[in-house]
Amino acid sequence: DTEVTQTPKHLVMGMTNKKSLKCEQHMGHRAMYWYKQKAKKPPELMFVYSYEKLSINESVPSRFSPECPNSSLLNLHLHALQPEDSALYLCASSQPRTSGGKGYNEQFFGPGTRLTVL
Amino acid sequence: AQSVAQPEDQVNVAEGNPLTVKCTYSVSGNPYLFWYVQYPNRGLQFLLKYITGDNLVKGSYGFEAEFNKSQTSFHLKKPSALVSDSALYFCAVRPHNFNKFYFGSGTKLNVKP
């Protein structure tokens, strides 16, 4: 299985709602990522989990809260979002860098969740 | 600072002609280099990567890329373009000692019949 799945595909929420995005992979990858992508722009890194621990947080506002319950799952909890947070949210996974400096595998991306904040 | 540049926002080519999508980078050390393609409303799909070895790398769907260390470039090429190659292409770089990928701004490839 070389697939990263994301649910839901589309999400519309108000600024006071609480929702969660889910990501799952069964490739045995131990690094998982959340990206935000605006139309026709490159993905912007939000968070990186390596071996289920948060390793990179790109100064993302606290209204976005990531969670990695186990090595296959990654969640992004959303609360009190703003209209400018509307975007395609992409999850990806890869083998992480090992202590020996290896682990250079490519990222596998999910299809994304199209989020609209009203 | 680490950066990846894709100098062309858009590349237009006729079907059957060769195509090149350019990428240059400024990353410390010997980074790992990648190309991804994105179709509308889809995630990114991996095309190819350069880690070490032969400077010409072959990937999916007939694409290849040439690594040039002196020019810090990793241009994507295909000998004969197809209309179905029309999409958004991203170059990405990962430092060898850091688990973060840096993406270029993307190049929209238009292949006309």
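Just so we're on the same page: letters track the sequence lines, and every chain starts at 1.
Of the two parts of B:Gln6, neither the backbone nor the side chain holds a non-hydrogen atom closer than 4.5 Å to a non-hydrogen atom of chain A. In this structure, chain B has a heavy atom under 4.5 Å from the side chain of A:Gln37, while its backbone stays farther away.
Here the shortest heavy-atom pairing between B:Gly43 and A:Leu90 reads CA-CD2, 3.8 Å. B:Phe46 and A:Gln107 get closest at one heavy-atom pair: CB-O, 4.5 Å.
Of the inter-residue distances, the one linking A:Glu106 atom CD with B:Phe101 atom CZ reads 8.0 Å to the nearest 0.5 angstrom. In this structure, CZ in A:Phe109 is found 5.5 Å from OH in B:Tyr36, a value given to the nearest 0.5 Å. A distance of 8.0 Å separates CZ of B:Phe34 from OG of A:Ser94, quoted to the nearest 0.5 Å. Rounded to the nearest 0.5 angstrom, A:Glu58 CD and B:Lys100 NZ are separated by 3.5 Å.
One hydrophobic cluster holds both B:Val27 and B:Tyr50 under the rule that ILVMFWY side chains link at heavy-atom gaps under 4.5 Å. Clustering ILVMFWY residues whenever any of their side-chain heavy atoms sit less than 4.5 angstrom apart, transitively, puts A:Met27 in a cluster other than the one holding A:Met32. A:Leu78 and A:Val117 fall within a single hydrophobic cluster, where Ile, Leu, Val, Met, Phe, Trp and Tyr are joined by side-chain heavy atoms under 4.5 Å apart, directly or via other members. Under the 4.5 Å side-chain heavy-atom criterion for ILVMFWY residues, a single connected hydrophobic cluster contains both B:Val37 and B:Phe103. No continuous path of hydrophobic side-chain contacts links A:Met15 to A:Val12 [ILVMFWY only; heavy atoms under 4.5 Å].
Heavy atoms of other residues, nucleotides or ligands lying less than 6.0 angstrom from OH of B:Tyr39 number more than 12. Counting non-hydrogen atoms of neighbouring residues, nucleotides and ligands closer than 6.0 angstrom, the CG atom of B:Asn30 reaches no more than 12 such neighbours.
Near-neighbour residues of residues 66-93 of chain B relative to chain A, defined by a heavy atom under 4.5 Å from a heavy atom of that chain, comprise B:Leu88, B:Phe90. Taking 4.5 Å as the heavy-atom cut-off, the residues of residues 104-113 of chain B that approach chain A are B:Gly104, B:Ser105, ordered by number.
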